[in-house]
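What follows is a short report on a single structure.
Residue numbers start from 1 in every chain, and the chains themselves are labelled A, B, ... in the order their sequence lines are given, proteins ahead of strands. Everything numeric here is computed off the predicted structure, so don't read it as measured data.
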Number of protein chains: 2
Amino acid sequence: MDAAELFKALSDPTRRTILDELQRSDGQTLFEICGRLIMKHGLSSSRQAISQHLAVLEEAGLVTTRREGRYKFHHLDTSPLRSIVERWPINDD
Amino acid sequence: MDAAELFKALSDPTRRTILDELQRSDGQTLFEICGRLIMKHGLSSSRQAISQHLAVLEEAGLVTTRREGRYKFHHLDTSPLRSIVERWPINDD
DNA sequence: TTGACAGGCAAGTGGTTACTTGCATATAAA
DNA sequence: TTTATATGCAAGTAACCACTTGCCTGTCAA
C-alpha cells in the first residue's frame, strides 16, 4: 500500500529470496521457508529472522497469510509492484 | 544492472523524489535538483547529500550523466525497473 | 494431561547508511 | 589572473535495521 513500506521490503536480499521461493512454491509455512532458504539458497537465517522478514513483506502487501490450526501459510502477491511501473513508466531501449 | 544496487537505490525516499523530479524535468544539474527538492518537495537536503544520492542512483543505472563544461546533467533511465516485473510477474487482480 | 510442534513478542547488539563537515578540483566569468 | 561557480572527495557522526536471545502462547498428538 505505502510506497515506503514497499521499497523497504524489497531492499533486503533475504526478503527478495523469500519472494523467489514463494513464487516457486506458493503457500509455504515459516518452517518450510526456513528449510528451503538454508538448503537450496545457502542462507543461514534463524527462524526469528525469517519471521521478521515475512512480517515486513506482509506489511508491504507482497505476502498474504492464511491460518489453519497451528500452521500459517504464506502467499505471494505481486500486485503492489504495479505501483512502481505506474510511477516511473519503463522506457523503450 | 545489479539487483542489490537497484533496490538499494530505490529504498530511500529522497532518491525516489529525485527520480520523480527528473521525470518531471529531465537533464537537470545538481544545483537545479537541490533547488527543486527544497522549494517544491519541502526537503532540506544539503548539496553533498543530494550528490551522494545521485551517485547511488547512477550506480543502479537509474540515472545517467552527461558532462558539459562545469555542468553535469542528470537523466532518468527507467529501464532497470523492467528487471523487477520480469523477476516477479504482476498478478491480475 | 503431558509433551512436541508451529509460531509470536520484545529487548539488546552490531553493522550499515544517510548526513554533515571541511577541503580540493575544474570551468568560466570579470 | 583573480574570483565565483559547479562539482568531487573523504573522514566522522548519528540513526536505522537485521539479527540474536530468551521467553511466551496456541495447537495437536500420545
Query raised in the report: Base, sugar-phosphate, or nothing: which does B:Ser45 touch, judged by heavy atoms less than 4.0 Å apart?
Result: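 The answer is nothing, as B:Ser45 stays clear of every strand by at least 4.0 Å.
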Report task. Give a yes/no answer on whether the side chain of B:Ser46 brings an N or O atom under 4.0 Å of OP1 or OP2 in C:dT20. Result ->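 Answer is yes, contact under 4.0 Å.
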Query - Close residues, residues 49-56 of chain B, relative to DNA chain C [heavy-atom separation under 4.0 Å] - result: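 Residues of residues 49-56 of chain B that come under 4.0 Å of DNA chain C are, in numerical order, B:Ala49, B:Gln52, B:His53.
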Query raised in the report: Does anyone know the first and last nucleotide of DNA chain D in reach of chain A, 5' to 3', at under 4.0 angstrom to a heavy atom?
Result: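 First and last nucleotides in contact are D:dA18 to D:dC28.
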Query raised in the report: Would B:Phe7 and A:Val56 show up in the same hydrophobic cluster when neighbours are defined by side-chain heavy atoms closer than 4.5 Å?
Result: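 No; A:Val56 is not reachable from B:Phe7 via cluster members.
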Query raised in the report: Should B:Ile84 and B:Ile90 be regarded as members of a common hydrophobic cluster, given that ILVMFWY residues are connected when their side-chain heavy atoms come within less than 4.5 Å of each other, either directly or indirectly?
Result: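 Both belong to a single hydrophobic cluster.
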Would you say [X] and [Y] make side-chain contact, with heavy atoms under 4.5 Å?
| X | Y | answer |
| --- | --- | --- |
| A:Gln23 | B:Pro89 | yes |
| A:Leu22 | A:Ile33 | yes |
| B:Leu30 | B:Cys34 | yes |
| B:Leu10 | A:Leu10 | no |
| A:Phe73 | A:Asp26 | no |

**Report entry** Salt bridge flag under 4.0 Å for residues B:Arg24 and B:Glu21
**Finding:**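 Salt bridge: yes.
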Report task. Tell me yes or no: between the side chains of A:Thr65 and A:Glu58, is some donor less than 3.5 Å from an acceptor? Result ->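 There is such a pair between these side chains.
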Roughly, in whole Å, what's the span from [atom1] in [X] to [atom2] in [N]?
| X | N | atom1 | atom2 | value |
| --- | --- | --- | --- | --- |
| B:Leu43 | C:dA18 | CG | P | 14 Å |
| B:Phe7 | C:dT16 | CZ | C1' | 19 Å |
| A:Glu59 | C:dG8 | CD | P | 13 Å |
| A:Asp12 | C:dT17 | CG | P | 11 Å |
| B:Gln48 | C:dA24 | CD | C1' | 12 Å |

Report task. Among residues two or more places apart or on two chains, list those pairs meeting salt bridge (charged side-chain N to carboxylate O under 4.0 Å, His left out) that have a residue in residues 66-75 of chain A. Result ->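 Qualifying pairs, neighbours excluded: A:Arg66-A:Glu68.
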Report task. Could you say whether B:Thr29 or A:Arg15 is positioned toward the 5' end of DNA chain D, judged by the nucleotide with the nearest heavy atom to each? Result ->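 Here B:Thr29 is the residue nearer the 5' end.
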Query - Degree of bending, the helix from C:dT1-D:dA30 to C:dA30-D:dT1 (end axes from five pairs; round to 10°) - result: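 Nearest ten degrees gives 20° for this helix.
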Requested in this report: Considering non-hydrogen atoms only, spot the tightest contact between B:Pro80 and B:Gly61 and give its length.
Outcome: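 Looking at all heavy atoms of both residues, the closest pair is CG-O, 3.4 Å.
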Query - Contact summary for B:Ser45 and B:Thr14, nearest pair of heavy atoms - result: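 Heavy-atom minimum between the residues: OG-CG2, 4.4 Å.
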**Report entry** Results of salt bridge (charged side-chain N to carboxylate O under 4.0 Å, His left out) for A:Arg15 - residues two or more places apart only
**Finding:**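 Result, salt bridge (charged side-chain N to carboxylate O under 4.0 Å, His left out) vs A:Arg15: none returned.
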Query raised in the report: Near DNA chain D, which residues from residues 64-72 of chain A have a heavy atom under 4.0 Å away?
Result: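 A:Gly69, A:Arg70, in order of number.
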